[in-house]
Every structure is written in structure tokens, then in C-alpha cells.
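Here is the naming used below: chain letters follow the sequence lines, and residue numbers restart at 1 for every chain.
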2 protein chains.
Amino acid sequence: MTENGIQKRVPQVTVKRLSRYLRVLERFQEEGSETILSEELANELHLKPSQLRKDLAYFGEFGTRGMGYNIERLAEALRRILGLHRQWAIAIIGVGNLGTALLRYKGLNEKGFRVAALIDDDPEKVGSSRSGIHIYHIDDLPEVVKEKNIQIAILTVPAPSARATAEIVVKAGIKAILNFAPVSIKPPPEVICMPVDISSELKILSHHLTGLEEPGDSPRGHEKSPVK
Amino acid sequence: MTENGIQKRVPQVTVKRLSRYLRVLERFQEEGSETILSEELANELHLKPSQLRKDLAYFGEFGTRGMGYNIERLAEALRRILGLHRQWAIAIIGVGNLGTALLRYKGLNEKGFRVAALIDDDPEKVGSSRSGIHIYHIDDLPEVVKEKNIQIAILTVPAPSARATAEIVVKAGIKAILNFAPVSIKPPPEVICMPVDISSELKILSHHLTGLEEPGDSPRGHEKSPVK
DNA sequence: TAGATTGTTAATCGATTAACAATC
DNA sequence: TAGATTGTTAATCGATTAACAATC
């Protein structure tokens, strides 16, 4: 490990991979393994072992040369790094189809996370509840955030209101947003906003299929034809 | 434009951005604009204009120097590139919470896409339908794919069965998979598989929040402490 | 033509990977 | 000690960006 305290910025893709490493470790642990090699763990995710080791190196040393990694120990380290040793309270903003679905989605109710409030602006919905979680009015967000200690907002409002809603969320003091609205949100630098854009992923598939199908001499399909 | 037919590989991030450009164009068109500058379009997505122009350059020339882009024309070009001028039939594999939610999700029923079949292996579910779409048994996938001309599979099965299911999907001739299972899938090279990992995105948020909270002298929080 | 903005090149930046020294 | 595998460095690869020539 380096001696000085100078810290390289950790790329976001690295953090994302940490979460995937952890998932594999937990599976292997359940299956009874105690130890794992960087090669095994990396292969499981179709990555290079050197990438795994580089990712871990941002945070310290977790293995034993010649031996590999103790699964329990590495998993615990990753949980700490990812902040999963504490509990985060989530508010889902926008109780439509997607919001309701996410509420019931396992991934959001895993260890470390808890949906603590639902928010909407539709008077028909406000006051009722879904899966036992109360729906509050967006105007009451600041109070709800304080009372329930909300730290994460999941934005599932329609595109046209997404930006205004994001601003309200930020003003309420929330520092982390998972944005499902198909609109680019640029919050102040202390706030992180992760876009989840299913519709765009789908269009990548469509593009790929189009490339496969198209006839003609060009092996890669529709890219930049040499006409002119 | 280059004269020879040699084509640079298009990065996947570029294709993803094309889909986002298109969304902005459609919004501007609805608002009555006829023309847009690379700077306006890029700003809307918090990108650099040069990136937008580079992205488009993979596919050809779509603007007029000094004038910008004709919105209708560029949008039409992007739709063609993304393969949205034709219709894609989707099968959702795994009719649990998430699968059912996606079925109702607007993004999946946009122009260009249509959920044509649901697939499960639970005899309780097979034979019934959801939102008017029939649920078929996974064993019948090959026939369903042929009959309904399915091109895209959305994988929403539980993690333990994800890999086996993906293999069945590939064997049935499907060339595009949107994978919601928290498992890495490496299909043969002609098949594209896009992972959607909401749980990992959430953990990136958690990591970020942990970095904000942690006390101590280090400005970036928990990264690699100088102990030792 | 002069002014503006694209399309394209080259420079920059950042992430991945191979290779190996450190060390169990 | 010899064999194995980590942690780390340096080389490679690929994507972003600034800058400008082309051209409307």
C-alpha cells in the first residue's frame, strides 16, 4: 500500500464492479467456500483478474499472496466500502406503474436499504398507501425527509416534471438520486444522480439487431456507408 | 465524409447517446422548433458539442455548416440508425414482480417495440395472461419465437436460473437480451446482452453517501487510508 | 463576402491490461 | 526454499475534448 495519504479518485465503474464482486462472494460463501482466487472471482464476471486486483487496490490490500482472498473478510470489506453496514432510507418519488413496481422489487429492499416513504402530487393517491408504505404529498417532502431521515430518492415521475422534481428533492437535502425519468439531471456537485435508462438500453439492442440483419457487403451493417 | 468504406467500430456509449439525442429532438420538435445547434442539443444532455458531433460522424453528415441541424431530418436519421423504423417483438422471460411491472412500463411499449409473449416455468402461471399477453411455458420458447417472430428477450428470472435460461433463449435463436438478473451473462459473440443492474446503481449511491458522511481529514472519505 | 457552425483531426484524458516484483 | 498468487507499475487501448479547416 502507498504510504502517503494521497488518494486516487475512484472511477464509478470500479464502485459498480465492487458491488458485483460482493454478490459473487456471497454466493460462493453460501456454497461453502472459504477462499477465492482473483482469477476465479474475475472469471465469474467475465473480467480480467488484473482488473479485479486493480479495483481492490484503490481501497487497500485484502488478499494473501500465494493464497488468494478470504471470502468472509473480503466481503465484509466490500460491504463497508459500499456503505452497506448501515441502513439507508429511500423515498420513491412518483407512485405510477414503475414506482409501484420498484417498491415491490427485491433489489430495493435488500440488506442496507429500506423504502421509507412514497411521494406523489396526485391528491387521489396522497394519504393512501402501497405495500404498507404511506404516500405523502410532494409539498411535504422536506418534513418527510427530516422525520424519516431519507437519504436516497428514486425518481419515477413523468419526463416533463422530472427536472422540477429533482430540484425539489435536492432542496430537501437529499444527496443521492436514482433517476428513472428519461431526462438528463445535473445536480450540484455534492449530489450524485445515477441515470437508469431502460428505454435506451432497449434501443441499443435494436441497433445491434439492425446491424445483424442488414444485407450488403459491409460486415458491420449500417455504419457510415461509403457513398458520396 | 471519408471516401473509403473502412468503418470504425461504433462504441456502445455512442449508440446509447444517439437514443438520448433522439429523445431531445422529439421534444424540441413537439415544441415547434425546426432547427437545432449541436451546442443546444448537447447542453440539453450536459454533454460537449464536440462529443455530439463526433457521435454523429460515425454514421455520416447530418447538419449544415453555419446553420445547425434540421430536427426532422436528424431525428429520422437517428431512428433509422437505431432500427426504430421497424417493429421488434419482445418476450419477457420470468413473470414475477419485475417482469409484470415491465410489461406495463411505457418504455417497453414505445414506438418500435411490442411485448408479444410472456414466458414462465410455473404451471400456475402458464396458460393465463397479464395485460392481455399470454403466458407460455419456457419449454415452448422455440415455437413461440418462431410464431411470434420474437427478436428480443427480457430476462427477469431469479438469479439462480438466469444462466440456464439465457442459454435456452440463445438456443431459441434470440440475438438480443436485456438482462435484469444480477448475474453476468456472456453469450456467443453474435448475441448482445445488456445488463440492467438497479441494485448495483443503488450501491453506488450508498458508496457516495458514505464518502460524504465520513469524518476525518481526508476530503474523499473512505478511500485507501494511509494507515500501516 | 463575413459570420457562423459543422465535420474532422490531433491532443488529452482515463480506464484496462500485461507483466513482474513482492511476499505468502 | 520453491511455487503460487497478490499488489503495483508501466504499456496499451479507447473515449473525450479542443481546436480548426471546410463550407454553408
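- Taking a pair to require two hydrogen-bonding distances under 3.5 Å in either a Watson-Crick or a G-U wobble arrangement, dC20(D) pairs with dG7(C).
- Whole-Å rounding puts the Leu56(B) CG to dT9(C) P distance at 16 Å.
- An OP1 or OP2 oxygen of dT8(C) is reached within less than 4.0 angstrom by no side-chain nitrogen or oxygen of Tyr58(B).
- Remark: side-chain polar atoms of Ser33(A) are not paired, donor with acceptor, to backbone N or O of Gln29(A) under 3.5 angstrom.
- We find that CD of Glu61(B) is positioned 18 Å from P of dT5(C), with the value rounded to whole Å.
- Taking atom CG of Leu47(A) as the reference point, atom C1' of dT16(C) lies 11 Å away to the nearest angstrom.
- When the side-chain nitrogen and oxygen atoms of Tyr69(A) are compared with OP1 and OP2 of dG7(D), one or more of them lie within a distance under 4.0 Å.
- Atom-to-atom, CD of Glu40(A) to P of dT5(D) comes out at 9 Å; the value is rounded to the nearest Å.
- Of the possible donor and acceptor atoms, none in the side chain of Ser200(A) sits under 3.5 Å from a partner among the backbone N and O of Ser19(B).
- Taking side-chain N and O atoms only, Arg17(A) has no distance below 4.0 Å to OP1 or OP2 of dA15(C).
- Put simply, the side chain of Asn43(A) never gets that close to the backbone of His46(A): no donor and acceptor are under 3.5 Å apart.
- Of the two residues contacting DNA chain C, namely Gly66(A) and Pro11(A), the nearest-nucleotide position lying further toward the 5' end is that of Pro11(A).
- Checking dG14(D) for Watson-Crick or G-U wobble geometry (two distances, each under 3.5 Å) identifies dC13(C) as its partner.
- In the set dT6(C), dA15(D), dA18(C), dA18(C) carries the atom at the smallest distance from any side-chain atom of Lys48(A).
- Rounded to an integer number of Å, the gap from NZ of Lys54(B) to C1' of dT5(C) is 18 Å.
- Gln51(A) has its CD atom 15 Å from the P atom of dG7(D), to the nearest Å.
- For the pair Leu52(B) CG and dT8(C) C1', the computed distance is 14 Å after rounding to whole Å.
- With the nearest nucleotide of DNA chain C identified for both Thr14(A) and Gly63(B), Gly63(B) has the one nearer the 5' end.
- For dA15(D), one of the phosphate oxygens OP1 or OP2 lies less than 4.0 angstrom from a side-chain nitrogen or oxygen of Arg9(B).
- Look at Ser38(A) and you'll find a side-chain N or O under 4.0 angstrom from OP1 or OP2 of dT6(D).
- Arg53(B) has no side-chain polar atom (N or O) that falls below the 4.0 Å cut-off from OP1 or OP2 of dG7(C).
- Distance from the side chain of Arg65(A) is smallest for dC24(C) among the nucleotides dC24(C), dA15(D), dT8(C).
- In this entry the distance linking CD of Glu39(A) with C1' of dT5(D) reads 10 Å, nearest Å.
- The closest donor-acceptor contact from the side chain of Thr14(B) to the backbone of Asp55(B) lies at 3.5 Å or more, if one exists at all.
- Heavy-atom neighbours of Glu31(B) CD from other residues, nucleotides or ligands within 6.0 Å: above the threshold of 12.
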